[in-house]
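Notes follow once the structure below has been shown.
Just so you know, ligand 1 is whichever comes first in the structure, and atom 1 is the first atom listed for that ligand. Computed from heavy atoms alone, side chains included, the values below leave out hydrogens, waters and symmetry copies. Just so we're clear, the structure is a prediction, and the values are computed from it rather than from any experiment.
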Amino acid sequence: MYNEIDLDKIDISKEPPTDEPARQYYFMAKCREWVREFEKKNGRRPCFFTQTFGCQMNARDSEKLTGILEQIGYVQAESEEADFVIYNTCTVRENANNKVWGRLGYLNTYKKAHPHMKIALCGCMMQEPEVIDKLRRSYPFVDLVFGTHNIYKFAELLTRTFEQPGMLIDVWKGTDKIVEKLPIERKYNFKSGVNVMFGCNNFCSYCIVPYVRGRERSRRPEDILEEIEKLARDGVVEVMLLGQNVNSYGRNLQEPVSFAQLLRQIEKIEGIERIRFMTSHPKDLSDELIEVMADSRKICNHLHLPLQSGSSRILKEMNRQYDKEQYLALIAKIRKAVPDIALTTDIIVGFPGETEEDFGETMDVVRQVGYDSAFTFIYSKRSGTPAAAMERQIPEDVVKERFGRLLKEVQKCAAERARALTGRVEKVLVEEVNEQDEALVTGRMGNNFIVHFPGTEALIGRIVNVKLKECKGFYFYGELTD
Ligand code: SAH
Ligand code: SF4
Ligand code: F3S
């Protein structure tokens, strides 16, 4: 974990500093006093539980929350039966919201029996004014609500929650601020997400992300490199660079840098063995990036390139700014430069106005590309987005039927791609002991496929050669080789 500033050296009898991150470390020192009092009174330290909904960006944010809570003395709990529960929410599809509302009901019951408990909500869903109205009206037991733009202020908000009863809501409409060097507690010792940019400017017509995450802001390359160097010193071998559209990284910096240039710099960091990134928007994927991927020893042999739809007409309605032919031409160019590359994608079924013919175009792209894996989603209407106001929303039964057909095709392609790897020896990063069988460990190849093979805990975090002996559809059984 980062420990940039020693909390013991901070004088909390003084006024808080105004500059960041010093201000947040001051509040962490204050919260720690509160935690110590709790410990004296109860004979144990308070515990916390974080639940992350949504994407890797949110998962990384939760590591920041965890870092702060551990810094002030909280210990991690295994379940929601904790002194402090925080939900980091997602709102990309309706069912993400429903999960949160459902679990809040359960938390309310638990809190009634444990009134000292604190409940906090943060993340993308909290950026929606209707959500805040509903919380105010019907969920008065929630103590703290904040959004995506002020997550760095968590320690300060927590202090206020301890000091004053009632629901504290602090949600910002936007920000141009990036606060560096706050504590982060990583879930894994050997791999880590690294934010390279925040926000999104693309406004795909179905998508709520630009409204809840704000405009694109890139971190300075020197801050990113410093973070990765530190991770490498701590034993991290794989980094996943995170942004809604990493291909537009660096454009809004004072001294613009391209994503490809950033990758070249990261490649030089000793100790980092594998580099991944997510997500690439096809409209911004440059020749320079393809070149860097082809030259690199460390960038994984995997590209996630969301298609969304194979129909040029629907892509236009989606405001994706590429058509079917351009997408396929891009795939051909990438395959030519990096022949072995694994390709994965995101696809939405049932966008307003999608005809059987449009859907057929999506199926056609899926067959032509032969994805190694694909995330398929049923279109979900997000209020406030242009697509929500479009006519001809597609009936549920039609969407479900198409979704079923797509899933079958996607699974067929994926299984064929996987089968073709059988017998090969691949470099595998060992991630964990297999959950079902303790005699096995589970690891991930550069192309993102999973393999289980005999091994012990001692292998976790190491990159080893594994022979792929048996293909089980989407994963393999293998054995360690030299
Ligand atoms: N920035 C990334 C993805 C962000 S959201 C990108 O551009 O690819 C992850 C995926 O959720 C999207 O790729 C899309 O397939 C899906 N998604 C976004 N909004 C959706 C909606 N309203 N309904 C269904 N799926 C959606
Ligand atoms: Fe949403 Fe499009 Fe931005 Fe991705 S690029 S986050 S799909 S608006
Ligand atoms: Fe969800 Fe927010 Fe990610 S809406 S998908 S958690 S950016």
Steps toward salt bridge (Lys or Arg N to Asp or Glu O under 4.0 Å) verdict (Asp287, Lys333)
CA-CA 9 Å; Asp287 290 350; Lys333 194 151 72 172; 2.7 Å; yes
Ring-face cation contact, Phe377 with Arg93, 6.0 Å cut, 45° max
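Arg93 over Phe377 ring: yes.
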Between ligand 1 and the protein, find all N/O pairs closer than 3.5 Å and give the distance for each.
from	atom 1	to	atom 2	distance (Å)
ligand 1	1 (N)	Gln244	O	2.9
ligand 1	1 (N)	Gln244	OE1	2.8
ligand 1	11 (O)	Arg93	NH1	2.9
ligand 1	13 (O)	Gln308	NE2	2.8
ligand 1	13 (O)	Asp346	OD2	2.6
ligand 1	15 (O)	Gln308	OE1	2.7
ligand 1	17 (N)	Arg93	NH1	3.4
ligand 1	22 (N)	Tyr206	O	3.0
ligand 1	22 (N)	Ser380	O	2.8
ligand 1	23 (N)	Ser380	N	2.9
ligand 1	25 (N)	Arg93	NH1	3.3

So, 2.8 Å as the limit: is an N/O/S atom of His281 located closer than that to atom 3 (Fe) of ligand 2?
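Checking His281: none of its N, O or S atoms is under 2.8 Å.
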Using a cut-off of 2.8 Å, find all protein N, O or S atoms closer to atom 2 (Fe) of ligand 3 than that distance.
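The answer is Cys124 SG.
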Shortest protein heavy-atom distance from [atom], along with the residue and atom involved:
| atom | answer |
| --- | --- |
| atom 2 (Fe) of ligand 2 | Cys204 SG, 2.3 Å |
| atom 4 (Fe) of ligand 2 | Gln244 O, 4.4 Å |
| atom 7 (S) of ligand 3 | Gln244 NE2, 3.2 Å |
| atom 5 (S) of ligand 2 | Asn202 ND2, 3.5 Å |

List every atom of ligand 2 that sits less than 4.0 Å from any heavy atom of [X], numbering the atoms from 1 in the order shown and giving each element.
| X | value |
| --- | --- |
| Phe203 | 8 (S) |
| Pro210 | 8 (S) |
| Val209 | 6 (S) |
| Tyr206 | 7 (S) |
| Cys207 | 1 (Fe), 6 (S), 7 (S), 8 (S) |

Is the closest heavy atom of Arg320 to ligand 2 under 4.0 Å?
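Arg320 counts as a contact of ligand 2 under the 4.0 Å cut-off.
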Looking only at heavy atoms, which two atoms of Gly353 and Arg313 are closest? And how far apart?
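That would be O-NH2, 2.9 Å.
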Where does Cys200 meet ligand 2, judged by heavy-atom distances below 4.0 Å: at the side chain, the backbone, both, or neither?
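The answer is the side chain.
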